[in-house]
Amino acid sequence: MTERRPRKDATRNRAAAFAAADTLFAHCRSPESVTMADIAAAAGVGKATLFRAFGDRTGLIRALYEARLEPVRNAVEEGPPPLGPATPPLLRVPALLDAVLCFKLDNRHLALALEQTGAASPYQAEHYERWHALLRDLLEQIPSVGTGSADFTAHVLLAATRADLVAHLAGDRAVPREELREQLADFTATVLGTRRAGGTPG
């Protein structure tokens, strides 16, 4: 049976909704203030159209987040080093964390909105479980971490890239982007035991 392709107007409405939500989240004072009605009005579509396409506000935020994350996910799943699967774990772990941090810096309010969608726990969100499982599996291959603490260590490293922390540091405290990246790299090197005596990652 041939898979049905989305109608052109549905595809157009989806793109308009994503563009509108991107703009609204990027310029809002608080992600919680952005409503489905706001997005529908900015996209030039009916609110009912959004509910039919995404189910609810959380569904729209998740769909937009996954769409924006797709290039990073593709690089991780099938790309070249340092993100791709052929990269040694000691190099891939810091590269993955840097990619997560940069994504959240570039999509700060969207990432914060996703963490505030009202789920029972952000640690049960699909995107979080995916990153955690990948990091845990890589950490298990690093002797200085080992299988016994890989699960906990993956949680600790991901905690440094939480959207609320990134928003606080980059927004409230105005820490420059490159400084945040350097601090995360230093922290990761400390956890992995790759810091050299001079203070730089090995």
Side-chain angles (χ1 to χ4, degrees), residues 58-59 61-170 175-202:
T58 298
I61 291 172
R62 286 175 178 166
L64 175 57
Y65 189 91
E66 290 298 325
R68 297 296 177 257
L69 187 63
E70 186 174 4
V72 178
R73 188 169 58 246
N74 289 341
V76 169
E77 293 176 355
E78 53 193 36
L83 290 178
T87 313
L90 269 178
L91 298 178
R92 197 178 184 201
V93 168
L96 288 169
L97 290 166
D98 183 65
V100 173
L101 174 63
C102 288
F103 176 81
K104 291 189 176 181
L105 285 168
D106 293 337
N107 300 272
R108 192 186 317 164
H109 291 86
L110 174 61
L112 194 58
L114 183 64
E115 287 189 2
Q116 296 176 347
T117 52
S121 167
Y123 304 106
Q124 295 174 353
E126 182 181 352
H127 69 93
Y128 182 88
E129 291 180 343
R130 189 164 58 232
W131 285 115
H132 177 266
L134 176 58
L135 284 173
R136 181 198 61 217
D137 292 347
L138 290 170
L139 291 167
E140 287 177 347
Q141 302 173 51
I142 299 175
S144 61
V145 179
T147 58
S149 59
D151 188 87
F152 175 76
T153 303
H155 281 303
V156 170
L157 290 172
L158 283 174
T161 69
R162 274 186 58 94
D164 52 358
L165 176 61
V166 171
H168 171 65
L169 294 175
V175 179
R177 179 190 185 94
E178 291 308 310
E179 184 176 336
L180 285 175
R181 295 180 67 191
E182 289 174 7
Q183 290 177 346
L184 178 60
D186 288 346
F187 174 65
T188 304
T190 299
V191 172
L192 298 182
T194 57
R195 179 183 293 280
R196 293 174 178 166
T200 57

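Remember, it's a predicted structure, so these values are computed and weren't measured experimentally. We're numbering straight along the sequence, starting at 1.
Here the side chains of Leu112 and His168 are not in contact, with every heavy-atom distance at 4.5 Å or above. Taking 4.5 Å as the limit, every side-chain heavy atom of Val93 sits out of range of all side-chain heavy atoms of Val191. Looking only at side-chain heavy atoms (C-beta outward), Pro82 and Leu91 stay at 4.5 Å or farther from each other. Proximity of Leu180 to Lys104: side-chain heavy atoms (C-beta onward) are nowhere separated by under 4.5 Å. The shortest side-chain heavy-atom distance between Trp131 and Leu157 does not fall under the 4.5 Å cut-off. Between Arg177 and Cys102 there is a side-chain heavy-atom pair separated by less than 4.5 Å. Residues Asn107 and Tyr65 have side chains not in contact (no heavy-atom distance under 4.5 Å, counting atoms from C-beta outward).
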Please assess Leu134 against Leu138 for the test side chain to side chain contact (heavy atoms under 4.5 Å, CB included), listing each intermediate value before the final yes or no. CA-CA 6 Å; Leu134 176 58; Leu138 290 170; 4.3 Å; yes
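Leu158 CG to Leu135 CG: the interatomic distance, rounded to the nearest 0.5 Å, is 5.0 Å. Between Leu169 atom CG and Gln183 atom CD the span is 7.5 Å, to the nearest 0.5 Å. From Leu192, atom CG reaches atom CD1 of Ile142 across 5.0 Å, with rounding to the nearest 0.5 Å. Atom OG1 of Thr153 is separated from atom NE2 of His132 by 9.0 Å, given to the nearest 0.5 angstrom. To the nearest 0.5 angstrom, Leu69 atom CG is 11.0 Å from Leu64 atom CG. Atom CZ of Arg136 is separated from atom OG of Ser149 by 13.0 Å, given to the nearest 0.5 angstrom.
Ring geometry for His155 versus Tyr128: interplanar angle under 30°, hence parallel rather than tilted (30 to 60°).
Taking every heavy atom of both residues into account, Leu139 and Val145 meet most closely at O-CB, 3.6 Å. Minimum interatomic distance between Ala160 and Leu165 (heavy atoms only, all atoms of both residues): O-CD2, 3.7 Å. Here the closest heavy-atom approach between residue Pro85 and residue Gly79 is recorded as CD-O, 3.7 Å.
Under the 3.5 Å distance criterion, the side-chain polar atoms of Thr161 are left unmatched by any main-chain donor or acceptor of Leu101. Using a distance-only test at 3.5 Å, with no hydrogens or angles considered, a donor-acceptor pair links the side chain of Gln141 to the main chain of Asp137. A donor-acceptor pair is defined here as one N or O able to donate and one able to accept, closer than 3.5 Å; no such pair exists between the side chain of Asp98 and the backbone of Pro94.
Sequence neighbours left out, not one pair with a member in residues 81-91 passes salt bridge (charged side-chain N to carboxylate O under 4.0 Å, His left out). Annotation: side-chain hydrogen bond (donor to acceptor under 3.5 Å, both in side chains) contacts involving residues 70-94, sequence neighbours excluded, comprise Glu66-Arg73.
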